[in-house]
Amino acid sequence: MPDKQTRQYYTSAFESVIAQLNKEQELAVNHIEGPMLVIAGPGTGKTHILTARIGRILQQTDAAPYNILCLTFTDAGVLAMRERLLEFIGPDAHKVHIYTYHSFCNTVIQENLEYFGRHDLEPLSDLERVEIIRRLLEQLPQEHPLIKGKRDIYYHEGALYDLFKRMKTENWTSEFIYNKIDAYLKALPEREDYIYKRKFKDFVKGDIKEAKLQEEVERMKKLRSAAALFPIYKEAMYKARRYDFDDMVLWVLKAFQENEALLRNYQEQYLYLLVDEYQDTNGTQNQVIQHLIEYWDKPNIFVVGDDDQSIFEFQGARLKNILDFYQKYEKSIELVLLKDNYRSSQNILDTSIAVINNNEKRMVVTLENLEKKLAAQNQFFATSTIKPHLFEYHNRLAENTDIVNRIEALHQEGFPLNEIAIIYAKHKQARAIIALLEKKKIPYNTKRRINILDLPMLQNLRLFLQYIAKEYRQPHSAEEELFQILHFDFLGISAQDIGRLSLYMAKHQASEDLYWRSILQDKKLFKLLKIEKPDTILEFGKLVDELIIHFNNYTTLKLLEKLINRSGLLKKIIHHDDKTWLLQVVATFFDFVKKETERHPRLTIYRLLETLRNMDANRIALGVNKTIYSDNGVNMLTAFGAKGLEFQYVFLLDCVKENWEPTTKGMQGRFTYPDTLTYSNIEDAMEARRRLFYVGMTRAKEQLYISYSKKDNKGKPLGRAVFIDEILEDTTLKIEEKILDKTALFEAQVLLLKELQVAQVERLDEATVNGLLANFALSASSLNRFLNCPLSFYYQYILRIPSSSSEAASYGTAMHFALRRLFDKMLLSETKTFPTEQVFIEDFEWEMKRQKGNFTKKEYQRRLKAGRSFLSKYYQYYIDEFPKKVKPELDIRNVVYKDVPLKGAIDLVEYLDKNYVHLIDYKTGSLDDKKLKMPTKAKPYGGNYWRQLVFYKILFDNYKSSNSIAQSGEIAYLETDKTSQFVKEKRTLSSKEVDVVGGMITAVWQKIKKHDFYQGCEDKNCKWCNFVKRNIMSDTYNDIEAEELDDL
DNA sequence: GGCCCCTCTCTTTTT
DNA sequence: GAGAGGGGCC
């Protein structure tokens, strides 16, 4: 019990707080019995009155602190509330039940474990979530709408999770979704968009657009089948003894609905209920509140919120909740509207109001007796004569440059940077300006969530681990990784030295059975090749050997530690400008591995690497909230993140349509929901974005700069956000066009453009390269490679960097093999009959077994299953049509066309008659008719498959042991398309096409002879260009080009 | 108006 | 990899 003196101190402190309240605040605080709704606009002292009212209840009623329940949204909210309450009423503040929705529900669960049935439940980690959903997908049949036609069966994993999450936060059942889908589809043919408005082709006015309708039906089929998986997901979670955040609320809601005694307990305990940020509650949370108060006709519930600041609709927050609440208790409810704003100048408030007044779905519109005009009361800024500015710039470079220059000037005057915020809608809008701040060494804060697994440093570390693991399992199986690792800058090996070794290897590797790993310890060779820094390489070689030898003795953590310490990485980090951040990254990674080791005590490197790959595939960030923080830095925030904060200067950045106004696009990685199910239509979406803009504006205390650019940096015109026009219409503010002088722009451009260069490597010694080229002949693949990126050609075909086979390519090989054996066996049989389907599939399985090393266990099972199924169908479909006058796998070498040596292997040559043949190339994977396109202006090289077919014609026609001519070519897909058909794309091959591809062949050959291949391409995702530019390998799905042509 | 085809881009955040 | 927006054509 606090002593008398302390009590007195707090009593008088609290009284002085009460005395300072304005009229509306006082009304709200002194209201104790019955429902009340407080509309608290920005800067009106929301937390203040909530806590003051708690104090009031304790002061004036018999209620004990534990009779009061105060719910808010975030931990930060709880913290702020508790702190304020401590100031007002002292230590009793700790006894008041202030919770987030989730911590409240978790408490209910913990207090009633016998009801919830299980004691051993644990929260679900991100990784486990992925594993559960993946297992679910793996069990689906090939024909399932979510699997069919997908290269990656986990493709919908993210969308599924999104759907399940939404079903939980909205308390939707599968049946509920089915009903909404049915209603949607039923009404669809009556919609304007689905009816022809005038005659078109065979259709007359009034006909239904069947194709468009069908598209929608397909989408809904996917959603329906996804929703059907929800119970299975829940079951799997239960079996795994896991629950997630949304379950906490959902289970409590269910308990409240099903068990009256349990609900009654809580209803009796909580005599007073206070809810903060009511506009952010989602469906399930709101229902929990409703249950807690439904016992009384006139519940003592005190709800604070601001409908104009409801910006979290995407996570289920519902504006409608506030209005429903008001209407439900209309008879007894008291409504208070807080109008005094203690933050901003009147000028800023008036401008903000001009924007938000355009919203129609507002309390003030629905309840007409309200006038929501904020009055500035801040003692420093209220009467400031400074007006907000609307700046228009020529382009984003000018906009960013000007803002940064302005901040730089403020910084030099000694103005505290933490009173400045740059606010935007999406993180990507801030990329360029952050780069500028960095280059100008202006400190800034951002709390963007970053996945450290994406950072080059960790990718490199992982590659190193992967190398050690692979080499341990099978020596010399990871030469490609080793070559990449040699380039890591922290090892300190010189590029010149690697070049010398590469040339040596390219020349001698094949003939002498050499391996990179073995030459790393070859001192004699180093001398011979005049290696500059042999010791560095020797040191590295020693480390690699040691790690491989001890691979099984070291624990995963120890191995990692050795690797970081001994490789030079740690040294490099310690001397780096950004060492605090980099150390944080390494530490976080270490912590993660440690945690994984605790979960799986015998965690192997293999398992760790697989876990990490899973995380990549599912964009699971390594729980890192990267905050770049300086005590006095400019605040870089999204409008969402800025909520609740305030700054003297606010720059609303890049206020253009494309970023601030709603996107019509459905989010990628989500299912499309029917609009009978989603809560908002297009106008609602615009209002939501307007609220976001309003939140951004109302962060400013004194100075507000709203800016946009007329064009993007490429010159494409941009439209300013409609909110700016609304300001122009309802205020006296005018657009101010800002023109920057050329020097300032140029300087910024130079600062920013450094990174855009095309990758380039040094020319190598002519004679040696000529030596490497001596036996080179152009294939369809190498031609393709060169046309796409000469630098990649150089690495792959000149230096012949070893590359491991991807699982997709290995699967393709096995499929090709089965086809080839099918025709071989037919030709060898006396009766010229094809072997049975079983034999056909056994051949596929045989080759798969041979390729097994290139698959993980799961990949192998899946590919085996897929291959069997496709080949079986293929056999049954085509067995009676297969041609018999054929030559499978025709391997052609030593062809010279216009002085260019050519080679290649043709999957199947079909002899049509004495003079003509037809060329067939088998493909696995999904069909893409772009690849069969002839050259256009934009794509002067044409599609890869088209070029390949013409190349084969040239190859075949110039092949000496043949007297016939290739008349036509065909791409035959061994997998079915969306409509379960095997697609065959046939083309007659003309002499004109031969001339076009012939031209490419001779042009490329000229360049190769001139060694004109040291320059990269412009593709951001190019594997080798990224390797040269940043020493990292980008391992994205975009790297399918290489295995596409699968010829040689 | 309606469709084909090419091109461009791929949020926001808390528990 | 997919969906939307814009240009071009009927």
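Residue numbering restarts at 1 for every chain, and letters A, B, ... go by the order of the sequence lines. This one's a predicted model, so the numbers in the text were calculated from it and none came from an experiment.
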Let me know the distance between [atom1] of [X] and [atom2] of [N], rounded to the nearest Å.
X        : N      : atom1 : atom2 : result
A/Asp162 : B/dT14 : CG    : C1'   : 15 Å
A/Tyr424 : B/dT11 : OH    : P     : 15 Å
A/Asn282 : B/dT12 : CG    : C1'   : 16 Å
A/Asp246 : B/dT13 : CG    : P     : 18 Å
A/Arg166 : B/dT13 : CZ    : P     : 16 Å
A/His156 : C/dG1  : NE2   : P     : 12 Å
A/Asn659 : B/dT11 : CG    : P     : 10 Å
A/Lys426 : B/dT9  : NZ    : P     : 12 Å

Candidate list A/Arg129, A/Lys165, A/Lys168, test side-chain hydrogen bond (donor to acceptor under 3.5 Å, both in side chains), partner A/Asp244, passing option: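 Among A/Arg129, A/Lys165, A/Lys168, the one meeting side-chain hydrogen bond (donor to acceptor under 3.5 Å, both in side chains) with A/Asp244 is A/Lys168.
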Set out, line by line, the N/O atom pairs under 3.5 Å between protein and nucleotides 2-6 of chain B.
| from | atom 1 | to | atom 2 | distance (Å) |
| --- | --- | --- | --- | --- |
| B/dG2 | OP1 | A/Lys197 | N | 2.3 |
| B/dG2 | OP2 | A/Lys197 | NZ | 3.4 |
| B/dC3 | OP1 | A/Tyr196 | OH | 2.7 |

Please give me every residue in residues 100-108 of chain A whose heavy atoms get under 4.0 Å of an atom in DNA chain B, ordered by residue number.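 Under 4.0 Å from DNA chain B: A/Thr100, A/His102.
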Looking only at atom P, what distance separates B/dT11 and C/dG5, rounded to whole Å?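 Approximately 15 Å lies between the P atom of B/dT11 and that of C/dG5.
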Take atom P in B/dT12 and the same atom in C/dA2, then report the distance between them in whole Å.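 The answer is 23 Å between these two P atoms.
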Within this structure, what is the [atom1]-[atom2] distance for the pair [X] and [Y], rounded to the nearest 0.5 Å?
X        : Y        : atom1 : atom2 : result
A/Asp247 : A/Lys234 : CG    : NZ    : 8.5 Å
A/Thr672 : A/Glu215 : OG1   : CD    : 10.5 Å
A/Thr284 : A/Met248 : OG1   : CE    : 13.5 Å

Contacts of [X] that satisfy side-chain contact (heavy atoms from CB on, under 4.5 Å) - sequence neighbours left out:
X        : value
A/Lys320 : A/Arg318, A/Asp324
A/Glu111 : A/Thr107, A/Tyr266
A/Ala76  : A/Thr74

Would you indicate what A/Phe640 reaches in the nucleic acid, counting non-hydrogen atoms under 4.0 angstrom: base, sugar-phosphate, or nothing?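 Base, at least one base atom sits under 4.0 Å.
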With a 4.0 Å cut-off on heavy atoms, is A/Asp280 in touch with a base, just the backbone sugar-phosphate, or nothing at all?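 Contact class for A/Asp280: none.
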Proximity to the side chain of [X] - top-ranked nucleotide from [options]:
X        : options               : value
A/Arg219 : C/dA2, B/dT11, C/dG3  : C/dG3
A/Arg689 : B/dT15, B/dT12, C/dG1 : B/dT12
A/His427 : B/dT12, C/dA2, B/dT15 : B/dT12
A/Thr74  : B/dT14, C/dG1, B/dT12 : B/dT14

When you compare the side chains of A/Thr924 and A/Glu975, does any donor N or O come within less than 3.5 Å of an acceptor on the partner?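 No, A/Glu975 and A/Thr924 have no side-chain donor paired with an acceptor closer than 3.5 Å.
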Answer yes if the side chains of A/Tyr278 and A/Asn286 hold a donor-acceptor pair under 3.5 Å, and no otherwise.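 Indeed, the side chains of A/Tyr278 and A/Asn286 share at least one donor-acceptor pair under 3.5 Å.
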Of A/Tyr243, A/Tyr238, A/Phe245, which meets ring-ring contact (aromatic ring centres under 6.0 Å, His included) against A/Trp251?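 The residue from A/Tyr243, A/Tyr238, A/Phe245 that satisfies ring-ring contact (aromatic ring centres under 6.0 Å, His included) with A/Trp251 turns out to be A/Tyr243.
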Between A/Val204 and A/Tyr196, is there a side-chain heavy-atom distance shorter than 4.5 Å?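 The answer is no, as the side chains (C-beta and beyond) never meet within the 4.5 Å cut-off.
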Classify the angle between the aromatic ring planes of A/Trp660 and A/Phe693 as parallel (below 30°), tilted (30 to 60°) or perpendicular (above 60°).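 Ring orientation, 0 to 90° scale: perpendicular.
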Using a cut-off of strictly less than 4.0 Å, decide whether A/Thr638 has a side-chain nitrogen or oxygen near OP1 or OP2 of B/dT13.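 So the side-chain polar atoms of A/Thr638 do come within 4.0 Å of the phosphate oxygens OP1 or OP2 of B/dT13, strictly under.
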Tell me, with the steps shown, if A/Tyr154 and A/Arg134 meet side chain to side chain donor-acceptor pair (under 3.5 Å). CA-CA 6 Å; A/Tyr154 306 123; A/Arg134 292 200 154 204; 4.8 Å; no
Comparing A/Lys716 and A/Ile311 on DNA chain B - which has the more 5′ nearest nucleotide: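 Nearest nucleotide further toward 5': that of A/Lys716.
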Dot-bracket for DNA chain B, please. Rules: Watson-Crick or G-U, both distances under 3.5 Å, ( ) within the strand, [ ] when a pair crosses earlier ones, | for another strand, . otherwise. ||||||||||.....
